[in-house]
Amino acid sequence: MTAQPDVATADADRRGTPPFRYTAALASDIEARWQDRWEAEQTFSTPNPEGPLSDGETLDPAEKYYLMDMFPYPSGAGLHVGHPLGFIGTDVLGRFMRMTGRTVLHTMGFDAFGLPAEQYAVQTGTHPRATTEANIERYRAQIRRLGLAHDKRRSVSTTDIEFYRWTQWIFLQIHGSWFDTEIGRARPIAELEAEFAAGTRSLPDGRAWSELTRPEQDRTLDGYRLAYLDDAPVNWCPALGTVLSNEEVTADGRSERGNFPVFRRQLRQWMMRITAYADRLADDLDGVDWPDSVKSMQRNWIGRSQGASVRFRESVSGQDIEVFTTRPDTLFGATYLVLAPEHPLVDAIVPSAWPSPGGEAALDGRWTGGADSPTAAIAGYRSVVASRSDLERQEARDKTGVFTGAWAVNPVNGEELPVFVADYVLMGYGTGAIMAVPGQDQRDWDFASVFGLPIRRTVQPPEDFDGEAYVGAGAAINSANSEISLNGLGVDEAKAAIIGWLAGRGDGEAVVQYKLRDWLFSRQRYWGEPFPVAYAADGESDGGPSIPRALPESDLPVLLPDVDEYAPKTFAPDDRDSAPESPLARATEWTSFSEDLASDPERAWARYVRETNTMPQWAGSCWYHLRYLDPTNTERFVDPDVERFWLGPRPEVFGPDDPGGVDLYVGGVEHAVLHLLYARFWQKVLFDLGYVSASEPFRRLFNQGYIQAWAYTDSRGVYVPAEEVVEEPGGGFTWNGEPVSREYGKMGKSLRNVVTPDEMCATYGADTFRLYEMSTGPMEASRPWSTRDVVGSQRFLQRVWRLMVDENNGSLRVADAGEPSQETLRLLHRTIDGVRADFPAMHYNTAAAKLIELANHLTKTYPEGGLHRSVAEPLVLMLSPLCPHLAEELWSMLGHPQSLAYAPFPVADEALLVEESVEYPIQVNGKVRSRITVPASASEDEVRAAALAEEKVVELLEGAEPRKVIVVPGRLVNIVK
RNA sequence: GCCCCCGUAGUCCAACCGGCAGAGACAGCGGAUUCAAAAUCCGUCCAGUGUGGGUUCGAAUCCCACCGGGGGCACCA
């Protein structure tokens, strides 16, 4: 095969370049042909060990490699040059792995449910499916143009009916399970029901199972399920018309998408009991090969803290106030209690009148807020708190609060402590109540200062300590009663001692708290997976809240109905009292149906109404790594043997605690908490239920960097097209002669700095674009895009092409006879040795540099052509992961009819890596003063002798004996005078 | 405020376990080619590693402090 002259000649006529130069036109021609051929020959179809995707060959599990990118959301804007960075990186690795004998599974699907298509539907009436599928087609074309070696048979979209059918099925499994805290894993809910029925497990209220009515039984079981309905405080976003998960709300209380206000509201919503897995999600991070930053973000989000629960008895009402503290060792320093304003116990303990002045000192005006009664004070304070947004509450760190009029007894010393409400205590964490120890907690110190409360140190600060609250380590002081003394103990010892004492009296116990909340799993949207759930149309027989009934598997998939109006009802962004209304609720034909639900024999062929919420966008991405493995399976979401082959633990390679999972998962760090935490949770449920063998979805995670870009604004602050901006010789930038200012950030339409891979492929070809992206830095580094630098990669590929192909007639310039020089051979093998290490480490920038170095050497060595085949072929093979089309073309021209995709990657000849002689720099007192060249075989003593005999060294030593001579073999000699 | 990551030529980046600061690319400069230009090719200049200490025979690399940039968390008891 030779290059196609027609394209090249046309190019030559126009540009005056040789007809067979490696130009964008020639590259595009080569690339299109190889992309067609790979597709026609199914070059990158990866066999399964069995099933429909098997090719009948036996696969060696030791050689499998499952490589995955975080799949994209197919937006209407298409890809810009930043998006494919990770995709190309994984492709290079996959291609290298294939050439070293690995069976590589690599494909790409689409995370295709989501808001933009729905919002577009709201504006235009276009069905979200139409928009989504058009966008996916666009993405597929863009990705194909890059020459990525994907198994296209395995590509799935979360919106495919055959995909979301199994998303619904997994939901049913989660709904049909409960978490057995005794063994720390999920079990089928039927086993719990059987234990209740048999009496082997007692009900929380002590009644017998048979005494319960059917609705009572169902509600009891629902209280255990991993997917459950709850009237819980949720994040309600009126502007979006939907509720959001905690993870989707920013720290300043707004929606991550759209930045709208979010309000806390009590609403009945689907929840996932991810908190049951808090410990395993935290502990199992030790067993995965992930970046420390992501692990720490997840640990932080789970927020496990060890502490104690302590009960303080309220003096008048006799109510126990339970507080959570991580510092039970400071209990003797507690001088007041604080309840969150929303704490349910507040109303129970508030007396009708302020405590009589006879018994107490006259109440401080700061305590009462000037109110006549505690009830009025609390009502007043609550309304102030409620009127403040989360953001205001967060910004104003001044401590506010009010005395409840109640007093509670400290169990360690019988002291009566005043009980306050204050908004610095959050209802959502711990018990919503704290014991305040101003001496050891700065927040309590601040509050105590405002309200004139006593401060007592119970940990001895260092002598030079001049701060307020002391939170460091130290010996306990002022901490003793008639039964126990903590004085002199360190913090940890004191904690253990006091917890033991409290537990013995029944006043407290050790407790673990988590910041992690259950996952809010329903959204009031159209474009999402419908829940496979329905409710009795005529309500429950006991008149209680509706009981959700899982639909049988035979009802799956529950298809999204067509609707006239895609939008949920939205409201003014600050309309906190509005209530969600899902678009599916209006599809009355769809919502109402009759069925014989086996789960409820009393209601055969009753009328039901469907759940009208849909699942959040995260659902599909929780398990797509499983569907890639077995995308055509109609019986199961994944075949167990196929799953075990690709994802199963491999203790022989990764150690006895290997959880299994995808061998390498590459994506941006923005998914550190949301997607990765949810996917781990689903994986663990499926693992517990025995459907998968891997207890973690992603054994190794790698965060690629981002490609960012310069953007320019004119004097009015308006963005100007970045590609038209010119850099002035004296510094500064102008657009149409006007000075503009430069800023650095994301690539985006609004910043007018988007560069697309399509443009780059048209101007330079896909191989040049790939090489450029890979050579500008290591995979993990973020870096700026610079179109003008791309030409460097193209020049290199032109040199490689010119080394092997005559630019004037397209003929091969490679010599079959003769031998390359020793120098060339040594460089070749050094290059092989280097890139063999660089590719698997994803150091593509240094691999490219080594290949460029080799090509530059060869260009000088063979100015008239005649490059030896024994050098040309390894060079082509080494280049192929980065620039597969060009490499395939050259490989073919070199006489190989087969694709090089599975050709063996060159192996370095060790003998050629050893130099015959070594040049040693000689340092005197750490400064290089001279050099010697000795045979590589020289011993350390011989090197030392040669160094000391060197002319300049003798001169510098002036006859003195050196104090020390350090010889670093192969490196240098350092002489200390 | 706390935690994590990163600071090397004009720019993007190399430098393995502490051992000659430079592999590669862009830009710049000089040259070849050209009527000229573009394209291409050849050659070449450029920093002592953010700052200050310390350890060491020797520090970009290890330790401490500070400065700058990026990210995460944040009234979580």
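Proteins get letters first, then strands, A, B, ... in listed order; numbering begins at 1 in each.
At the phosphate of B/rA74, neither OP1 nor OP2 sits under 4.0 Å from any side-chain N or O atom of A/Asn300. Between A/Ser305 and B/rA77, a side-chain N or O to OP1/OP2 separation shorter than 4.0 Å is present. Close to B/rU40, at under 4.0 Å from its OP1 or OP2, lies a side-chain N or O of A/Arg795. When the side-chain nitrogen and oxygen atoms of A/Arg799 are compared with OP1 and OP2 of B/rC41, one or more of them lie within a distance under 4.0 Å. Proximity of A/Asn845 to the phosphate of B/rA14: a side-chain N or O atom is located under 4.0 Å from OP1 or OP2.
Counting heavy atoms from C-beta outward, A/Gln794 and A/Thr763 have side chains that stay 4.5 Å or more apart. Looking only at side-chain heavy atoms (C-beta outward), A/Asp446 and A/Tyr424 stay at 4.5 Å or farther from each other.
For A/Val976, taking side-chain heavy atoms from C-beta onward, the closest of the listed nucleotides B/rG19, B/rA14, B/rC57 is B/rC57. You'll find that the side chain of A/Tyr429 is closest to B/rA77, out of B/rG19, B/rC12, B/rA77. Considering only side-chain atoms of A/Lys860, the nucleotide from B/rG43, B/rC26, B/rA14 that sits closest is B/rG43. For A/Ala849, the side-chain atoms get nearest to B/rA23 when compared with the rest of B/rA77, B/rC73, B/rA23.
Annotation: B/rU40 and B/rA25 have their P atoms spaced 13 Å apart (nearest Å). When the P atom is used for both B/rU11 and B/rA77, the distance is 44 Å, rounded to whole Å. The gap from the P atom of B/rA59 to that of B/rG19 amounts to 11 Å, rounded to the nearest Å.
Proximity of the aromatic rings of A/Trp785 and A/Tyr706 is defined here by a centroid distance below 6.0 angstrom, and this criterion is not met.
One atom, CD of A/Glu670, and another, C1' of B/rG71, lie 12 Å apart when rounded to the nearest Å.
At a cut-off of 3.5 angstrom, counting only N and O atoms as typed in the model, there is a donor on one side and an acceptor on the other between the side-chain of A/Asn974 and the base of B/rC57.
Using a 3.5 Å distance cut-off with no hydrogens or angles, the side chains of A/Asp838 and A/Thr846 do pair a donor with an acceptor.
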